[in-house]
Amino acid sequence: MRVVLNIIWLVFGGLWLALGYFLAGIICCILIITIPFGIASFRIGVYALWPFGKTTVDKPTAGAGSMIGNVIWIVIAGIWLALGHIATAIAMAITIIGIPLAIANLKMIPISLMPLGKDIVPVDARPTYM
């Protein structure tokens with residue numbers, strides 16, 4: 001079922017969403033100081049390409065640098081990305097077949113707001129302490 005949902009997701013918005021994240025990653029990597037944001041954008045782009053069967057977990061090694069970077073990210077791009085995910089989720093939720101896609105879109109909001117200090121892992125590889 002995950003493969004079917006991922007294919008539907010890819011066709012109905014996942015590809016464009018991932019391309020947007022990849023473009024943002026390229027732009028961020030051009031400037032040296034924003035390379036961590038570019039790497040985070042590439043990670044989210046891969047997640048946006050094939051989201052079903054994956055989840056996000058906190059990195060145990062994330063520290064104050066990740067928190068400061070996330071505050072900067074929220075101000076510059078996070079709010080706009082989250083609003084885009086909300087708008088897309090509302091549009092996808094109009095049809096019955098789009099409801100799982102809308103849920104996946106809403107699931108991506110926390111990582112689009114605060115990508116630093118997070119890992120994207122398969123659902124089966126989730127740590128047991130959660």
Side-chain angles (χ1 to χ4, degrees):
M1 190 65 173
R2 289 180 189 163
V3 173
V4 172
L5 285 171
N6 277 322
I7 291 171
I8 293 171
W9 170 268
L10 190 65
V11 171
F12 289 107
L15 181 63
W16 294 110
L17 191 59
L19 288 175
Y21 277 112
F22 293 146
L23 178 63
I26 290 170
I27 291 169
C28 286
C29 285
I30 290 173
L31 303 170
I32 294 175
I33 198 163
T34 57
I35 287 176
F37 298 132
I39 293 169
S41 189
F42 289 134
R43 280 188 300 127
I44 300 170
V46 171
Y47 182 45
L49 205 55
W50 208 254
F52 293 96
K54 294 181 184 174
T55 189
T56 58
V57 295
D58 292 330
K59 284 185 185 177
T61 59
S66 294
M67 187 171 60
I68 293 168
N70 280 330
V71 170
I72 294 169
W73 175 268
I74 286 173
V75 171
I76 293 172
I79 298 230
W80 302 110
L81 291 170
L83 290 174
H85 281 294
I86 291 170
T88 308
I90 291 170
M92 288 180 171
I94 291 174
T95 64
I96 291 176
I97 203 163
I99 291 173
L101 304 177
I103 292 170
N105 226 332
L106 294 175
K107 185 175 85 169
M108 292 181 69
I109 290 175
I111 195 158
S112 71
L113 279 173
M114 297 184 292
L116 303 174
K118 302 275 186 188
D119 264 340
I120 300 166
V121 297
V123 174
D124 304 334
R126 193 172 33 208
T128 57
Y129 60 85
M130 293 187 76

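Atoms CE and OG1, on M108 and T56 in that order, are 10.0 Å from each other to the nearest 0.5 Å. Rounding to the nearest 0.5 angstrom, the gap separating the CZ atom in F52 from the OH atom in Y47 is 9.5 Å. The line from CG of L106 to CG of L101 is 11.0 Å long, rounded to the nearest 0.5 Å.
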For residues 89-97, which side-chain N or O atoms pair as donor and acceptor with protein atoms under 3.5 Å away, sequence neighbours left out?
from, atom 1, to, atom 2, distance (Å)
T95, OG1, G98, N, 3.1

Which atom pairs, donor and acceptor, lie under 3.5 Å between side-chain atoms of residues 19-33 and protein residues at least two apart or in another chain?
from, atom 1, to, atom 2, distance (Å)
Y21, OH, H85, NE2, 2.8

Name every donor-acceptor pair, under 3.5 Å, that has one atom in a side chain of residues 61-81 and the other anywhere in the protein, sequence neighbours excluded.
from, atom 1, to, atom 2, distance (Å)
N70, OD1, L116, N, 2.9
N70, ND2, S66, O, 3.2
N70, ND2, L116, O, 2.8
W73, NE1, S112, O, 2.7

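Legend: side chain to side chain donor-acceptor pair (under 3.5 Å) pairs involving residues 29-42, not counting sequence neighbours: none detected. Annotation: salt bridge (charged side-chain N to carboxylate O under 4.0 Å, His left out) contacts involving residues 14-35, sequence neighbours excluded, are absent. For the salt bridge (charged side-chain N to carboxylate O under 4.0 Å, His left out) condition, no pair includes a residue of residues 64-80, sequence neighbours left out.
With contacts defined as side-chain heavy-atom distances shorter than 4.5 Å, the pair V121/T55 qualifies. Here the side chains of K54 and V46 are in contact, with some heavy-atom distance below 4.5 Å.
Under the side-chain contact (heavy atoms from CB on, under 4.5 Å) criterion, K118 pairs with D58, I111, not counting sequence neighbours. With sequence neighbours excluded, no residue satisfies ring-ring contact (aromatic ring centres under 6.0 Å, His included) with W9.
Within a 6.0 Å radius of CZ in F12, other residues, nucleotides and ligands contribute 12 heavy atoms or fewer.
The hydrophobic cluster containing I99, built from Ile/Leu/Val/Met/Phe/Trp/Tyr side-chain heavy atoms closer than 4.5 Å, also comprises I103.
Checked options N6, I8, I7; the residue passing with V4 is I8 (criterion: side chain to side chain contact (heavy atoms under 4.5 Å, CB included)). When the options L17, L15, I44 are evaluated for a side chain to side chain contact (heavy atoms under 4.5 Å, CB included) with L49, the one that passes is L15.
Under a 3.5 Å cut-off, the side chain of R43 and the backbone N or O of P115 do form a donor-acceptor pair.
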